[in-house]
Amino acid sequence: MELDMPRPQTWRYRNRRHFCRWTGPREAIMQLLSQTSQHLSAKEIYAAIHKFYPGIGLTTVYRTLDLLTRMGLIHKFSFGDGYNRYEFISDEKKKHHHHLICMNCGKIFDYSEFVDEELALVEKTEERLAKKYNFKIEGHNIEFLGVCKDCKK
Ligand SMILES: [Zn+2]
Ligand SMILES: [Zn+2]
Ligand SMILES: [Zn+2]
């Protein structure tokens, strides 16, 4: 997969004096994820930013992804193919979107055109679970598995 990574931006040069090992990877990953609608694995993220930031190692990428997930800036998904995938949480995605996953080619489709019944069900389920388990629910992942249009041919 070819990913476009913008040239290192001015922040890096401007902040070179204050450049620390922590802000570098964090900014680079946020920059990459905010400009793609793809759901990328840590290895794909590493490959994409490595070209521009050769100093950032795979371990740092993993660690930074964990941190950004905990900070609530990106979403982590596990689609059952053995990789965690990461997605930037944009403002319009802040609400929520669900996924359709092709089990043949692994393509992931985002959708947020929910039918009313779907939304009502999700809300009701969250409410019930929160009460039953005295659990503060912060979000959910909903994915439907199947075969995409191209693979059905
Ligand atoms: Zn949802
Ligand atoms: Zn497919
Ligand atoms: Zn998504």
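Between E143 and H98, the side chains place no donor N or O within less than 3.5 Å of an acceptor N or O (distance only, hydrogens not considered).
Between atom CG of residue N141 and atom NE2 of residue H96 there is a gap of 12.0 Å, rounded to the nearest 0.5 Å. Atom-to-atom distance recorded for E117:CD and K124:NZ is 12.0 Å, nearest 0.5 angstrom. In this structure, I49 CD1 and K51 NZ are separated by 11.5 Å, a value rounded to the nearest 0.5 Å. Rounding to the nearest 0.5 Å places SG of C148 at 10.5 Å from CG of L100. Rounded to the nearest 0.5 Å, atoms CD (E27) and OH (Y53) are 8.5 Å apart. The CD1 atom of I56 lies 12.5 Å from the CZ atom of R26; values are rounded to the nearest 0.5 Å.
Of all heavy-atom pairs spanning N104 and C151, the tightest one is ND2-SG, 3.1 Å. Summarising the geometry of I137 relative to A130, their closest heavy-atom pair is CD1-N, 4.0 Å, with the distance given to 0.1 Å.
Both L145 and I108 are part of a single hydrophobic cluster, where members link through side-chain heavy atoms under 4.5 Å apart. By the rule that hydrophobic residues join a cluster once side-chain heavy atoms approach within less than 4.5 Å of another member, L58 and L32 end up as members of one cluster. Hydrophobic cluster membership is shared by F52 and L65, with clusters built from Ile, Leu, Val, Met, Phe, Trp and Tyr side chains linked at under 4.5 angstrom. Cluster annotation: I29 and L67 are assigned to the same hydrophobic cluster (Ile/Leu/Val/Met/Phe/Trp/Tyr, side-chain heavy-atom contacts under 4.5 Å, transitive).
Side-chain contact check for Y62 versus K43: some heavy-atom pair is nearer than 4.5 Å. No side-chain heavy atom of V61 sits less than 4.5 Å from a side-chain heavy atom of H50. Residues M30 and I74 form a side-chain contact, since some pair of their non-hydrogen atoms from C-beta on lies under 4.5 Å apart. Using a 4.5 Å heavy-atom threshold, the side chains of L73 and I89 count as separate. Looking at heavy atoms from C-beta onward, Y86 lies in side-chain contact with T69 at the 4.5 angstrom threshold.
Looking only at distances, no side-chain donor or acceptor of T36 sits under 3.5 Å from a matching main-chain atom of L33. Although no hydrogens or angles enter the test, the distance criterion places a donor-acceptor pair under 3.5 Å between the side chain of R85 and the main chain of H39. At least one donor-acceptor pair closer than 3.5 Å links the side chain of E44 to the backbone N or O of S41.
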Working for side chain to side chain contact (heavy atoms under 4.5 Å, CB included), residues K107 and K149: CA-CA 11 Å; K107 226 178 272 154; K149 179 168 84 192; over 6 Å; no
Criterion salt bridge (Lys or Arg N to Asp or Glu O under 4.0 Å) on K76 and E87, from CA distance to verdict: CA-CA 7 Å; K76 175 159 109 175; E87 180 178 41; over 6 Å; no
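When V122, L121, I142, L119 are each tested for a side-chain contact (heavy atoms from CB on, under 4.5 Å) with F114, only one passes: L119. A ring pair (Phe, Tyr, Trp, His ring centres under 6.0 Å) with H99 holds for exactly one of F77, F109, Y111; it is F77.
Atom CG of N134 is surrounded by 12 or fewer heavy atoms from other residues, nucleotides or ligands within 6.0 Å.
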